[in-house]
Amino acid sequence: MSIHNADIAAAFEEIADLLSIQGANAFRIRAYRRAAQMLRSLPHEIAAGTDPAVYASLPGIGADLASKIAELVRTGELDSLNRLRREVPAGARDLLSLPGLGPVHVRTLVSGLRIGDRAALRQALAAGRLAGVRGFGPALRGRLEAALARPASEAARRLPLSQAAQYAEPLRDFLAAVPGVERAEIVGSYRRGRDTVGDLDVLLCAGDAADPIAALRGYADLGALNASGRTKAAGVLRNGLAFDLRVVAAESFGAALQYFTGSKEHGIRLRQIAHARGLKLSEYGLFRGKQRLAGRREEDVYAALGLAWVPPELREDRGEVAAAERNALPQLLLRSELRGDLHVHTRATDGNDSLADMVSAARAAGLSYVAITDHSKHLGIVHGLDAGRLARQCDAIDALNARMRGFTVLKGAEVDILADGSLALPDSVLAQLDLVIVAVHSHFDLSEAKQTARVLRALEHPCVTILAHPSGRLLGEREPYTLDFERLFAAARSRPCYLEVNGQPQRLDLDDVRVKAAIEHGVLLSLASDAHSVEQFANLDGAVRQARRGWARRTDVLNARPLAELRRLLRATRG
DNA sequence: GCCGTTTTCGGCCCGACTGTTTTCAGTCG
């Protein structure tokens with residue numbers, strides 16, 4: 001088994017948690033957390049073909065962490081972590097996730113009271129053993145009892161962005177309508193366009209006279225308000241989604257927008273730059289002493305720090321601050337630059353709408369070409385096409401093209417990759433299509449070696465154009481299958497064939513980090529709606545957002561090319 | 001534990017709210 005960046009990051013995060021329970025130096029703990037965060041954002045696998053001598057050149061990795069990475073890659077284990085696991089009770093780390101319990105309180109529980117997991121804490125609370133313990137007043141004890149009473153499955157779960165939007169936008173609109181509120185914005189990971197959202201962050205601009213936090217108590221969807229002061233409130237909606245609300249004045253709104261959009265790591269970079277220049281950056285503005293240098297507009301804050309304005313999608317501390325300093329940020333892809341959509345279904349298989357309606361909707365979405373790619377027969381659940389039905393669909397497309405000006409329908413199919421890497425339709429059929437999408441829809445649990453061999457074999461097929469939803473993940477439902485993406489990218493580049501960024505809200509696959517990696521490998525991307533009904537061409541917005549988070553420019557995208565160039569690129573896949 | 005346009009040692013981002021304080025530590029974002 002090979003070690004992935006995420007495994008190393010998880011080990012470092014566990015070390016950080018355990019050290020914090022032991023009361024170690026806070027900056028030492030932060031070093032582990034930052035290293036973990038950096039590793040999760042790295043666009044290549046560090047264990048694969050990286051000279052261990054190079055580890056220490058990564059940002060936030062010094063001699064010590066480099067040697068720990070080397071140990072993990074070599075042995076799959078970490079001595080120092082194993083030692084920490086022996087020193088701290090096994091359930092103690094889990095206690096950190098309870099609301100209101102930080103490392104100091106957990107240390108009190110573990111070393112002072114021999115309470116080392118949830119069950120022991122529940123018992124101690126019931127027996128009244130915590131009454132009178134320093135730091136554990138009645139309010140905190142009540143919070144803990146409530147949290148322990150909730151089933152673990154209710155533990156805060158990240159929602160797909162599109163789902164979070166259904167709650168965020170009404171909340172924002174409600175607050176925007178409160179008298180005295182001048183602006184209301186959803187910030188946080190929502191504004192950054194992350195695939196999932198853990199909680200909602202809402203920022204308001206209002207003068208002293210307005211009291212939006214009081215008004216919030218009248219919001220019909222409010223579940224509970226856990227904290228509320230003059231400028232800040234925190235609570236949960238009825239559906240359990242947590243939110244934070246902040247109120248600032250107009251002269252601070254831009255700084256607050258920057259601050260609460262995050263990410264946290266991006267913000268820390270900015271505050272470090274301010275600090276190095278003898279300035280102070282907070283949600284209230286950029287200050288020299290008491291003098292506010294910027295704050296009203298977000299652009300001004302970046303400019304006053306000597307930085308180009310960074311699009312929110314890039315604010316993940318993945319090199320964007322350094323690029324902004326050099327004025328070398330990428331010109332990110334725009335939705336208006338997409339010329340077509342290469343993954344669309346009709347009711348011939350599992351779609352809802354007719355070929356003609358899907359084509360009309362594609363035109364209405366501002367596109368100039370679309371590929372119809374219904375499922376191959378093998379996938380039982382979707383009434384897949386056999387050779388005969390596919391041939392009739394191709395005739396219908398020919399007839400449609402003959403009637404239309406300025407728009408082109410391409411003939412395609414989404415073909416299953418069978419367990420052994422062969423395809424579910426015969427070559428004679430595939431050869432007649434303009435493009436062939438292949439996808440894994442079964443046997444998700446193969447070993448990494450077998451899954452990789454399977455997919456690479458499919459990509460070697462001379463008719464194959466695009467690999468759809470390459471990781472197979474379904475947000476909140478199914479983990480990605482294990483696949484060696486380094487080899488996938490290399491294969492796609494040399495073949496050549498193209499990788500999809502699937503815009504379905506539950507998929508968003510490739511993810512942002514892998515979009516960036518694919519681009520760095522020189523692989524072109526196909527941004528697809530995977531629409532199964534006319535309204536789902538809106539999925540293209542999600543695909544674009546995801547691609548932008550992976551630093552995609554127009555030139556990195558297959559379907560941002562005009563039709564003639566697209567046809568040339570499709571032909572290039574056929575050797 | 002990391003790092004260098006003040007530094008190879010001594011720093012390391014910033015502020016609101018809560019609870020339990022008798023002046024502030026802890027948690028959170």
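Order of the sequence lines sets the chain letters (A, B, ...), proteins ahead of strands, with each chain counted from 1.
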Would you call A:Arg545 and A:Asp541 a salt bridge, using N to O less than 4.0 angstrom?
-> no

So is A:Arg514 actually on top of A:Phe485's ring, under 6.0 Å and inside 45° of the axis?
-> yes

Could you tell me whether A:Glu185 and A:Arg191 have a side-chain N and a carboxylate O separated by less than 4.0 Å?
-> no

When you check the gap from the basic side-chain N to the acidic O, do A:Arg85 and A:Glu14 get nearer than 4.0 Å?
-> yes

Kindly say if A:His275 contacts the phosphate of B:dG11, meaning a side-chain N or O under 4.0 Å from OP1 or OP2.
-> no

Does A:Tyr284 place a side-chain N or O at less than 4.0 Å from the phosphate oxygens OP1/OP2 of B:dA16?
-> yes

Give the rounded distance in Å between these two atoms: CD1 of A:Ile213 and P of B:dA16.
-> 12 Å

Please list, chain by chain and in numerical order, all residues satisfying side chain to side chain donor-acceptor pair (under 3.5 Å) with A:Asn502, sequence neighbours excluded.
-> A:Glu500, A:Asp530

I'd like a list of close polar pairs between nucleotides 26-29 of chain B and the protein, N/O only, cut-off under 3.5 Å.
residue	atom	partner	partner atom	Å
B:dT27	OP1	A:Gly102	N	2.8
B:dT27	OP1	A:Gly102	O	3.2
B:dT27	OP1	A:His105	N	3.1
B:dT27	OP1	A:His105	ND1	3.0
B:dT27	OP2	A:Val104	N	3.4
B:dC28	OP1	A:Gly100	N	2.7
B:dG29	N2	A:Tyr259	OH	2.6

With sequence neighbours excluded, tell me which residues meet side chain to side chain donor-acceptor pair (under 3.5 Å) with A:Asn539.
-> none

A:Gln258 CD to B:dC13 C1': how many Å, rounded?
-> 12 Å

Tell me what A:Phe287 touches on the nucleic acid: a base, only sugar-phosphate, or nothing, going by heavy atoms under 4.0 Å.
-> nothing

Who passes salt bridge (Lys or Arg N to Asp or Glu O under 4.0 Å) against A:Arg129, sequence neighbours left out?
-> none

Between A:Arg230 (CZ) and B:dA16 (C1'), how many Å, whole number?
-> 11 Å

A:Gln37 CD to B:dG1 C1': how many Å, rounded?
-> 16 Å

Give none if B:dC3 has no partner; otherwise give the nucleotide forming a Watson-Crick or G-U wobble pair with it, both distances under 3.5 Å.
-> B:dG10

Classify the nucleic acid contact of A:Arg269 as base, sugar-phosphate or nothing, counting any heavy atom under 4.0 Å across all strands shown.
-> nothing

Is any side-chain N of the basic residue among A:Arg318 and A:Glu520 closer than 4.0 Å to the acidic one's carboxylate O?
-> no

Within this structure, what is the CG-to-C1' distance between A:Asn25 and B:dG10, rounded to whole angstrom?
-> 12 Å

Protein N or O to nucleotides 21-24 of chain B N or O, pairs below 3.5 Å:
none

Remember a base hit wins even if backbone is also touched, and classify A:Ile29 as base, sugar-phosphate or nothing at under 4.0 Å, heavy atoms.
-> nothing

Are A:Arg28 and B:dG1 close enough that a side-chain N or O sits under 4.0 Å from OP1 or OP2?
-> yes

Return the set of residues passing side chain to side chain donor-acceptor pair (under 3.5 Å) with A:Gln291 (not counting sequence neighbours), or none when no residue passes.
-> none

Atom CD of A:Gln272 and atom P of B:dC14: how far apart are they, to the nearest Å?
-> 9 Å

Just how far, in rounded Å, is P of B:dT5 from CG of A:Leu279?
-> 16 Å

